[in-house]
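First comes the structure, then the notes that go with it.
Predicted model, so just to flag it, every value in this text is computed and none were measured.
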Amino acid sequence: MAVGTAPKAPARPSRTRPSPVRHRAMPRLKTTVTAAVAYVVAFIFLFPYLVMLLTSLRPQENLRDATLLPAQWEWSNLVNFWSSGLAGNLVVTLQVAAGSTVLVLLVALPAAYYSARHDFRGRTFFLILVLITQMFQPTSMLVGIYREFSQFGLVDSIWSLILVNGGFNLAFAVWILNAYFSSIPRELEEAAFIDGNGRFGALFRITLPLAMPGVITALIFTFIAAWNEFVVALTLTTTPENQPLTVALNSFIGQYQVDWQNLFAGSVIATIPVIILFALIERKVVGGLTAGSIK
């Protein structure tokens, strides 16, 4: 090495930066693949409903056709549903599902709020007991339920169905709402107290808007469970006019023959209120989340 010359620093390996075009293409490819998989899964879940709809529009002589689309469209099957008298049973189902949902929310909201905000003695045992009651099925208690309502003279009554469906869905609603109320900081309510709000003012202005996703979840599950309930309604109702739609659709099932086109037509009409409910509830869920983040 020559005197006076500084040693050369070792050459650093050159780092190649990723191309901007490739960097932008990867998220797009991931989004496209995710959307494609989502559409495939949605089609798998919706395909049985599509078959049900198309079968409801087939004539009776073409029910065994192997084609997906009916050769002849029989729109009168949907009209026969209303002329068969099942429209009244659909109204009964709406009354039972709506009444059960209102009853569950009226009882579950204060129970879940109190258990989430107060550390009373036996609180853990109470919550475990609520969870255990969710494990019991209505079919295992049909005899006791029938005898109890028979003593009170509530057999073959809409009120008996509302009470039973409300009772069996109450535990799940309390558990879900308790989790949502527990996740809301108490400092928000204390700040509302400083602003001059009482307990109910803080509950309705602060806590409930923040817990609205939990309320909507309890509402959806209770409504759908009461809407689809069959065994208890079959046991407690004897008059065709007081039977919900799930029981009344059995009139299309005979001993030697099944009226499939009318049975599927009634099933299609029975799913329409649930679809409408989901369309309305989806906006409420998003509105509850944004309102909670702002407040």
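- Linking ILVMFWY residues whenever their side-chain heavy atoms come closer than 4.5 Å, directly or via other members, leaves Phe172 and Val215 in distinct clusters.
- The residue from Pro244, Ser160, Ser100 that alone fulfils the side chain to side chain contact (heavy atoms under 4.5 Å, CB included) condition with Asn165 is Ser100.
- Proximity of Asn89 to Val247: side-chain heavy atoms (C-beta onward) are nowhere separated by under 4.5 Å.
- If you check the side chains of Thr237 and Asn242, you find no donor sitting under 3.5 Å from an acceptor.
- Contact annotation: the side chain of Thr246 never approaches that of Glu229 to less than 4.5 Å [non-hydrogen atoms, C-beta and beyond].
- Using a 4.5 Å cut-off on side-chain heavy atoms (C-beta onward), Leu163 and Leu103 make contact.
- Qualifying salt bridge (charged side-chain N to carboxylate O under 4.0 Å, His left out) partners for Arg117, counting only residues two or more places apart in sequence or in other chains: Glu189.
- Trp73 CH2: more than 12 foreign heavy atoms inside a 6.0 Å radius.
- Just one of Asn250, Leu249, Thr55 meets the side chain to side chain contact (heavy atoms under 4.5 Å, CB included) condition when paired with Leu263; it is Leu249.
- Counting heavy atoms from C-beta outward, Leu94 and Pro273 have side chains that approach closer than 4.5 Å.
- Nearest heavy-atom pair across Phe221 and Asn169 is O-OD1, 4.3 Å.
- At a threshold of 4.5 Å between non-hydrogen side-chain atoms, the residues Leu188 and Thr207 do not count as touching.
- Side chain of Thr93 to main chain of Leu245: a donor-acceptor pair is present (N/O by atom type, distance under 3.5 Å, no hydrogens or angles).
- Evaluation of the salt bridge (Lys or Arg N to Asp or Glu O under 4.0 Å) test over residues 231-252, restricted to residues two or more places apart or in two chains, returns none.
- Using cut-offs of 30° and 60° on the angle between ring planes, the pair Trp227 and Phe223 is parallel.
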Decide side chain to side chain contact (heavy atoms under 4.5 Å, CB included) for Leu53 and Ser56; before the verdict, give the C-alpha distance in whole Å, the side-chain angles of both, and the deciding distance to 0.1 Å.
CA-CA 5 Å; Leu53 175 62; Ser56 66; 4.1 Å; yes
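- The shortest distance between side-chain heavy atoms of Leu208 and Phe181 falls below 4.5 Å.
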Audit row: Tyr180, Ile184, side chain to side chain contact (heavy atoms under 4.5 Å, CB included) steps and yes/no: CA-CA 7 Å; Tyr180 270 91; Ile184 300 174; 5.7 Å; no
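- For Phe230, the CZ atom counts as densely surrounded, since its 6.0 Å shell holds more than 12 non-hydrogen atoms of other residues, nucleotides or ligands.
- A distance of 8.0 Å separates CD1 of Ile162 from OG of Ser157, quoted to the nearest 0.5 Å.
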Checklist line | Full working for side chain to side chain contact (heavy atoms under 4.5 Å, CB included) between Ile275 and Tyr49 | finding: CA-CA 12 Å; Ile275 295 175; Tyr49 295 95; over 6 Å; no
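- Side-chain atoms of Thr222 never come within 3.5 Å of backbone atoms of Leu219 as a donor-acceptor pair (strictly under, hydrogens ignored).
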